[in-house]
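Here is the naming used below: chain letters follow the sequence lines, and residue numbers restart at 1 for every chain. Computed from a prediction, not measured in an experiment: that's the story for all the values here. When reading the values below, keep in mind they use all heavy atoms of this one structure, side chains included, and skip hydrogens, waters and symmetry mates.
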2 protein chains.
Amino acid sequence: MDIKRKDVHNSDTPVLCQACESRHRGVCGALTSDQLLQLSKHSSRRAVEPGTELIGESTQIKNYSNIISGVVKLSKMMADGRQQIVGLQFAPDFLGRPFRKENGVTAEAATEVKVCSFPKTVIERMIGEMPELEHKLLEQTLDELDEARNWMLTLGRKTAGEKVASYLLLIATHAFPENETDTAEFELPMSRMDIADFLGLTMETVSRQFTKLRADGVIRITNNRHVVIPEITRLSDRAGF
Amino acid sequence: MDIKRKDVHNSDTPVLCQACESRHRGVCGALTSDQLLQLSKHSSRRAVEPGTELIGESTQIKNYSNIISGVVKLSKMMADGRQQIVGLQFAPDFLGRPFRKENGVTAEAATEVKVCSFPKTVIERMIGEMPELEHKLLEQTLDELDEARNWMLTLGRKTAGEKVASYLLLIATHAFPENETDTAEFELPMSRMDIADFLGLTMETVSRQFTKLRADGVIRITNNRHVVIPEITRLSDRAGF
DNA sequence: CAAAGTCCTTGATTCCGGTCAATCGGAGGG
DNA sequence: CCCTCCGATTGACCGGAATCAAGGACTTTG
């Protein structure tokens, strides 16, 4: 596993987990600063490169993590290699399946990812002691369930064109949580293959749909990853809602 | 709304909610008998016919329910009428989206359904007071999320044949939670159209796949709804895992 | 029992997206 | 600079599921 030295802290030194102070959706948003300090004694931060497997589908879970930055893809694979990405997680989401030994999905870094991890035992004890923490977890889980169900509509009933438009809107929304203007500009966090695995399509079909959006003047792409959407309402018309 | 008289109780009379005593996954499994009695004062039971809408996609939620018996389908619809069933709920699941005014999906009775409902205000107060209740909710929500993600793999990556086999296995599993033998026999809780909407297919394709399974001797069907699967392992080979 | 209705099945044809294969283009290395 | 590598694009063709259209089985109604 590839760990950048500068981002690694010895897990015995008390480190204030910075991710947990800032935003609303991470596990630690529910904690007081005292509790945070407690947790920090057991936490360790690290940064990993794109492609690094953070959690295996049927490996034992030894620790839970908060995502500090980057995008994590959750995926499932069939015996013959067919793959489906079943969710994306952004900072400051919580990573891990509580109350189970295995978590049923593979978590893999899509971009460079920084995480802040705690041992399973510590976090599960804290859940038992602090109802606010469990409440936070319930809220995130309910949000993830809503997202999963939204995506099921996309997978089951949308055309390739609508799927790609929906994907771009999803990423644009996460890149600019409260965008006022009608223009969006961002880096795609995933390869064409990953996008295909997320949309239940092939790489080639995704590529053709990008080409069509480009030809129609709805989007502009440079370096394969950098996207500009001048009028995002024009794109959402194509997503089919 | 069609309510069978004999199943309706006046919500002012204290009624012990029987659904809540028996099984493990409903909300009330976490409650003591005293708490149950409390809740019963505000609960009302009713039975509805197949097709009855229990919760609208964007209607205000006034109450939450436990499913006592029957199957409830959760679905989403696009502006042009395309529909996707995003989940099935069986007794003793909890029905409703806590902490939100709207719940984003339509809940509709697939079979005859009996539910036990409580006002939103009562249950949300109880959640705040009783951590066990919130824990129960978190566990159900996590299970539903696992199921949703499993189904995303089915929707995105399986063929029509594999989808239908997966559906039959899902229903067989819920009909016989711990089936020892290799034979399964049950009633399909949904029409061909519903199954299609669940699998992201058309009615015709579902029908053809049933015909093929019948021709291959994997299943037997009578009255369109009654299914016998002599060797369920032979079916799961076709589901693709 | 006929008529109508609902749900399901079957057939003929079309078309969207998959498959297979060639090519492009930027990044990096000798 | 050429060469290779890798991801993305493009093209030709194919196939699985959708679409359109009948027809069948069963139930309900008068």
>> Can you tell me how the ring of B/Phe94 sits relative to the ring of B/Tyr64, calling it parallel under 30°, perpendicular over 60° and tilted otherwise?
In response: tilted
>> Could you go through B/Asp197 and A/Arg157, starting from their C-alpha distance and side-chain angles, then the distance that decides it, and tell me whether this counts as salt bridge (charged side-chain N to carboxylate O under 4.0 Å, His left out)?
In response: CA-CA 9 Å; B/Asp197 281 342; A/Arg157 289 301 184 200; 2.9 Å; yes
>> Expressed as a whole number of angstroms, how long is the span from A/Asn224:CG to D/dC5:C1'?
In response: 15 Å
>> Let me spell it out: for each of A/Asn223 and A/Leu201, pick the nucleotide of DNA chain C with the closest heavy atom. Which residue's pick is nearer the 5' end?
In response: A/Leu201
> Partners of B/Lys163 by salt bridge (Lys or Arg N to Asp or Glu O under 4.0 Å), sequence neighbours excluded?
Replying inline: none
>> Whole angstroms only, please: what is the CD-P distance between B/Glu162 and D/dA17?
In response: 9 Å
>> Using the side-chain contact (heavy atoms from CB on, under 4.5 Å) criterion, which residues pair with A/Thr141? Sequence neighbours excluded.
In response: B/Leu138, B/Thr141, B/Leu142, B/Leu145
>> salt bridge (charged side-chain N to carboxylate O under 4.0 Å, His left out), that's the test. Do A/Arg234 and A/Asp216 meet it? Break it down for me.
In response: CA-CA 11 Å; A/Arg234 262 214 300 162; A/Asp216 293 353; over 6 Å; no
>> Give the residues of residues 69-77 of chain A touching DNA chain D, defined as any heavy atom closer than 4.0 Å, sorted by residue number.
In response: none
> With a non-hydrogen cut-off below 4.0 angstrom, is A/Gly161 in contact with a base, only sugar-phosphate, or nothing?
Replying inline: nothing
> Cut-off 3.5 Å, side chains only: do B/Lys76 and B/Thr106 have a donor facing an acceptor?
Replying inline: no
> Roughly how many Å is it from CZ in B/Arg82 to P in C/dC16, rounded to a whole number?
Replying inline: 13 Å
> For the helix from C/dC1-D/dG30 to C/dG30-D/dC1, what angle lies between the axis at the first five pairs and the axis at the last five pairs, to 10 degrees?
Replying inline: 20°
> Can you tell me how far P of D/dC26 sits from CZ of B/Arg225, to the nearest Å?
Replying inline: 15 Å
>> Using a strict heavy-atom distance below 4.0 Å, which residues from residues 203-216 of chain A are in contact with DNA chain D?
In response: A/Met203, A/Glu204, A/Ser207, A/Arg208, A/Thr211, A/Arg214
> Please give, in whole Å, the distance from D/dA8 C1' to A/Leu188 CG?
Replying inline: 13 Å
> For A/Glu144 and B/Arg149, what are the C-alpha separation, side-chain angles and deciding distance, and is it a salt bridge (charged side-chain N to carboxylate O under 4.0 Å, His left out)?
Replying inline: CA-CA 10 Å; A/Glu144 282 182 47; B/Arg149 287 178 171 161; 2.7 Å; yes
> Considering residues at least two apart in sequence or located in another chain, which fulfil the side-chain contact (heavy atoms from CB on, under 4.5 Å) criterion with B/Met77?
Replying inline: B/Gln83
>> Which is more 5' along DNA chain C, the nucleotide nearest B/Ser191 or the one nearest A/Gly200? Just name the residue.
In response: B/Ser191
> Where do B/Trp151 and B/Leu199 land on the side chain to side chain contact (heavy atoms under 4.5 Å, CB included) test, with the steps shown first?
Replying inline: CA-CA 9 Å; B/Trp151 209 250; B/Leu199 295 172; 3.4 Å; yes
> Expressed in angstrom and rounded to an integer, what is the separation of B/Asp80 atom CG from D/dA18 atom P?
Replying inline: 15 Å
> How long is the line joining CZ of A/Arg157 and P of D/dA18, in whole Å?
Replying inline: 7 Å
>> Before you tell me yes or no, could you show the steps for A/Asp146 and B/Arg100 under salt bridge (charged side-chain N to carboxylate O under 4.0 Å, His left out), namely the whole-Å CA-CA distance, both residues' side-chain angles and the distance that decides it to 0.1 Å?
In response: CA-CA 11 Å; A/Asp146 289 345; B/Arg100 280 276 169 86; 3.2 Å; yes
> Within this structure, what is the NZ-to-P distance between A/Lys163 and C/dC16, rounded to whole angstrom?
Replying inline: 14 Å
>> Could you tell me if B/Thr233 and B/Ser236 have a donor-acceptor pair between their side chains, going purely by distance under 3.5 Å?
In response: no
